[in-house]
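Reading through the structure tokens given below for one structure.
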Amino acid sequence: MAKKVVLAYSGGLDTSVAVRWIREEWGAEVVALAVDVGQAPSADGGDWERIRQRALAAGAVEAEVVDARDELAAGYFGPALRANALYEGKYPLVSALSRPVIARHLVLAARRHGADAVAHGCTGKGNDQVRFEVGVRTLAPDLDVLAPVRVWGLTRDDCIDYAARHDIPITVTREKPYSIDENLVGRAIECGAMEDPWVAPPDDVYELTRDVADAPTERREIVVAFERGTPVALDGRAMGPAELVAAVGAAAGEYGFGRIDMVENRRVGIKSRETYECPGSLALIVAHQDLEAITVERDVMREKARLEGRYAELVYDGLWFSPLREALDAFVESTQRHVTGEVRLRLEPGRCAPVGRRAEAPLYDYALATYEAEDAFRHQDAEGFVRLWGLSTETWSRRQQPFGAQAGEGS
Ligand code: ARG
């Protein structure tokens, strides 16, 4: 059994109980590691220091907080954005992107503290256990990965009793029975009434997006600038990656843009009803796709589109640290060489859509596209091109008469 364990600590009920439980049941020392990925540190408004103190009160030998916001934004959300990664066409991978960041910090902390294992507070039913464990085992095959929640057999009420019995200072709100995971990419909300997929998500699950009915009626436009596929400025103001997602998210969320309600396929074979709000990340993906349309060559665009879904699946399935993700990133990076320019996004209730784009080296050529006098397209080339384009089917029709003896006859 492990002697010293670094636990991914959220400050919530499960991981607070886990600190003490690992100590009592497995006799190991616990180092609590809280990773700031842009979530509110505590549902009750507490700060990171309060979270640290809670871990110590629960029995951790040490408790530390690392700020991984820019790392998540630049190193994980950035590549996913350049890949327009949306799982099952909809979900911008919120939790799936933060888990490898946390896994990496668990390994770093384990090395720092001379620990022989790391632990997480995931249940056995979800994707996050897969992402933590596969991530840690890939980065550090020598470390054990422990999952107390998967084996302890405690209900939520048991956990509340356990915390009370051991003087673990945690206030649990019983009225909101949601399981929430949030970071700067967005928020995921599960459980409660939403476990019935026919029931609309209650209004109180949302925090980053307004109800469309309460959105401003006045339209607004924002301009996002990109350099090689990376967003770098909002309305001409240069910003770091984390700040930028937040600022774009604040603008789009005001208009009620960014809510997702879907049934998705978890890696472990369960279909689950998921509610998300991702105003910033979704708005940036919309803008990025639009800038690609004017800067990326047609065949590259089509091939990239084929790979984007695969990329999202891979990240969702916990394979961030994998040779395929690295190879796909290399491909994506090479497609982004000229994705430099600006996109005008129009915000209106429930919508965020591009209404203008310009680029440093656009492939849009006015002289080729225009119907005005400046038209430089060689119209005479079209006749022979079109005839040869259709020659194969024309010959097929002539020789094999698929449409019958007379044109248009038959099916
Ligand atoms: N279904 C999403 C995913 O697998 C969100 C998971 C959220 N986690 C949570 N503990 N609520 O990425």
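All of these numbers come straight from a predicted model, not from anything done at the bench. Every number for a ligand or one of its atoms is a count from 1 in the order of the listing.
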_CA sep, side-chain torsions, deciding dist, call: Arg111, Asp142, salt bridge (charged side-chain N to carboxylate O under 4.0 Å, His left out)_ = CA-CA 11 Å; Arg111 300 302 187 219; Asp142 59 301; 2.9 Å; yes

_Test of proximity, Arg99 against ligand 1: N or O pairs below 3.5 Å_ = no

_Given Leu345, which partner from the list Val223, Val286, Leu284 fulfils the side chain to side chain contact (heavy atoms under 4.5 Å, CB included) test?_
Val286

*Given Val35, which of Val66, Asn183, Leu72, Asp67 fulfils the side chain to side chain contact (heavy atoms under 4.5 Å, CB included) condition?*
Val66

*Shortest non-hydrogen contact from Glu88 to Glu264?*
OE1-CA, 3.3 Å

*What atoms in ligand 1 come closer than 4.0 Å to a heavy atom of Arg131?*
3 (C), 4 (O), 12 (O)

*Among all protein heavy atoms, pick the one closest to atom 5 (C) of ligand 1 and tell me residue, atom and distance.*
Ser95 OG, 3.5 Å

*Should the proximity of Tyr178 to ligand 1, defined as any heavy atom under 4.0 Å, be assigned to the side chain, the backbone, both, or neither?*
neither

*If you take all heavy atoms of Arg266 and Gly126, which pair is closest and at what distance?*
NH1-CA, 4.0 Å

*Just say parallel, tilted or perpendicular for the rings of Tyr316 and Tyr91, cut-offs at 30° and 60°.*
perpendicular

*Just heavy atoms, cut-off under 4.0 Å: does Ser179 contact ligand 1 by side chain, backbone, both, or neither?*
both

*Can you list the atoms of ligand 1 that are under 4.0 Å from a heavy atom of Asp181?*
7 (C), 8 (N), 9 (C), 11 (N)

*asked:* Between Arg54 (side chain only) and Gly11 (backbone N and O only), is there a donor and an acceptor less than 3.5 Å apart?
replied: yes

*asked:* I need the atoms of ligand 1 closer than 4.0 Å to a non-hydrogen atom of Ala188, numbered in the order shown.
replied: 5 (C), 7 (C)

*In the protein, what heavy atom is nearest to atom 12 (O) of ligand 1, and what distance, to one decimal place, separates them?*
Tyr91 OH, 2.6 Å

*asked:* Among all protein heavy atoms in this structure, tell me which lies nearest to atom 8 (N) of ligand 1, with the distance rounded to 0.1 Å.
replied: Asp128 OD2, 3.1 Å

*Got a second to check how far Leu81's CG is from His288's NE2, nearest 0.5 Å?*
5.5 Å

*asked:* Does the residue Arg273 have a heavy-atom contact with ligand 1, meaning some pair of atoms that are separated by less than 4.0 Å?
replied: no

*Where the side chain of Asp116 meets the backbone of Lys4, is there a donor-acceptor pair that is under 3.5 Å apart?*
yes

*May I ask you to identify, for Tyr87, whether its side chain, its backbone, both or neither come under 4.0 Å of ligand 1 on a heavy-atom basis?*
neither

*Would you call Arg266 a ligand 1 contact, heavy-atom distance under 4.0 Å?*
no

*Answer side chain, backbone, both or neither: which part of Arg187 comes under 4.0 Å from ligand 1, heavy atoms only.*
neither

_Donor on one side chain, acceptor on other, Thr340 and Glu227, under 3.5 Å_ = no

*asked:* If the cut-off is 4.0 Å to any non-hydrogen atom of Asn127, which atoms of ligand 1 fall inside it?
replied: 3 (C), 4 (O)

*Atoms of ligand 1 less than 4.0 Å from Glu274 heavy atoms?*
1 (N), 2 (C), 5 (C)

*asked:* Below 4.0 Å, non-hydrogen atoms only: which portion of Ile189 touches ligand 1? Side chain, backbone, both or neither.
replied: neither

*Check each atom of ligand 1 against the heavy atoms of Glu190 and keep those under 4.0 Å away; list them by number with element.*
1 (N), 5 (C), 6 (C), 7 (C), 9 (C), 11 (N)

*atom 1 (N) of ligand 1: the protein heavy-atom neighbour that sits closest, reported with distance to 0.1 Å*: Glu264 OE2, 2.7 Å

*Indicate yes or no for a side-chain donor-acceptor contact from Arg20 to the backbone of Ala58 under 3.5 Å, with no hydrogens or angles considered.*
yes

*Can you name the closest pair of heavy atoms from Val224 and Pro231 and give their distance?*
CG1-CB, 4.3 Å

_Can you report which non-hydrogen protein atom sits closest to atom 2 (C) of ligand 1, along with the distance?_
Tyr276 OH, 3.1 Å

